[in-house]
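Data first, discussion second: the structure below is written as structure tokens.
Not measured: the values here are computed from a predicted model.
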Amino acid sequence: MTEQGDGEREFDLRWADDAEHKEPSARTRMLAARWRETPPRPQPFRAGPDPVAPRRSSWVSTAIVLGCVAAVILLLGYAQLRAPY
């Protein structure tokens, strides 16, 4: 066998795209076999979200975060006052 340069051995996408037969992927074959037995039910284009609890307003979330920060600051200050020098 003769030695070929790397440029001659390299396959590119045009070579792959020009192939006469392209085998489907394993997932495609699996889904085709499954759907032959039981076809999928029609689905809406975009299903609506499940009903959830109403969202808190942004000011309530901000107040909760600032309250937690203030509580941590007060707790650390209290712990420093109680610590012996």
Side-chain angles (χ1 to χ4, degrees):
M1 186 165 153
T2 62
E3 288 294 322
Q4 296 177 344
D6 287 339
E8 295 175 18
R9 282 189 286 166
E10 187 174 325
F11 298 114
D12 59 0
L13 290 177
R14 281 185 310 224
W15 177 82
D17 289 339
D18 292 340
E20 291 182 23
H21 176 71
K22 294 179 184 174
E23 184 175 331
S25 68
R27 178 165 174 78
T28 304
R29 291 191 310 265
M30 177 197 69
L31 288 175
R34 181 185 302 169
W35 290 345
R36 242 181 266 122
E37 298 169 6
T38 55
R41 295 182 308 170
Q43 297 290 326
F45 177 69
R46 268 184 205 209
D50 294 334
V52 293
R55 292 186 52 167
R56 289 191 296 246
S57 65
S58 64
W59 69 269
V60 172
S61 298
T62 303
I64 290 173
V65 169
L66 290 177
C68 290
V69 169
V72 167
I73 290 172
L74 290 174
L75 181 64
L76 290 175
Y78 178 74
Q80 194 156 21
L81 283 176
R82 300 283 298 165
Y85 293 101

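- For E23, the salt bridge (Lys or Arg N to Asp or Glu O under 4.0 Å) criterion is met by R29, not counting sequence neighbours.
- Under the 4.5 angstrom side-chain criterion for Ile, Leu, Val, Met, Phe, Trp and Tyr, the cluster partners of I64 are W59, V60.
- Separating the SG atom in C68 from the CD1 atom in I73 is a distance of 11.5 Å, to the nearest 0.5 Å.
- A distance of 8.0 Å separates OG in S25 from CG in L31, rounded to the nearest 0.5 Å.
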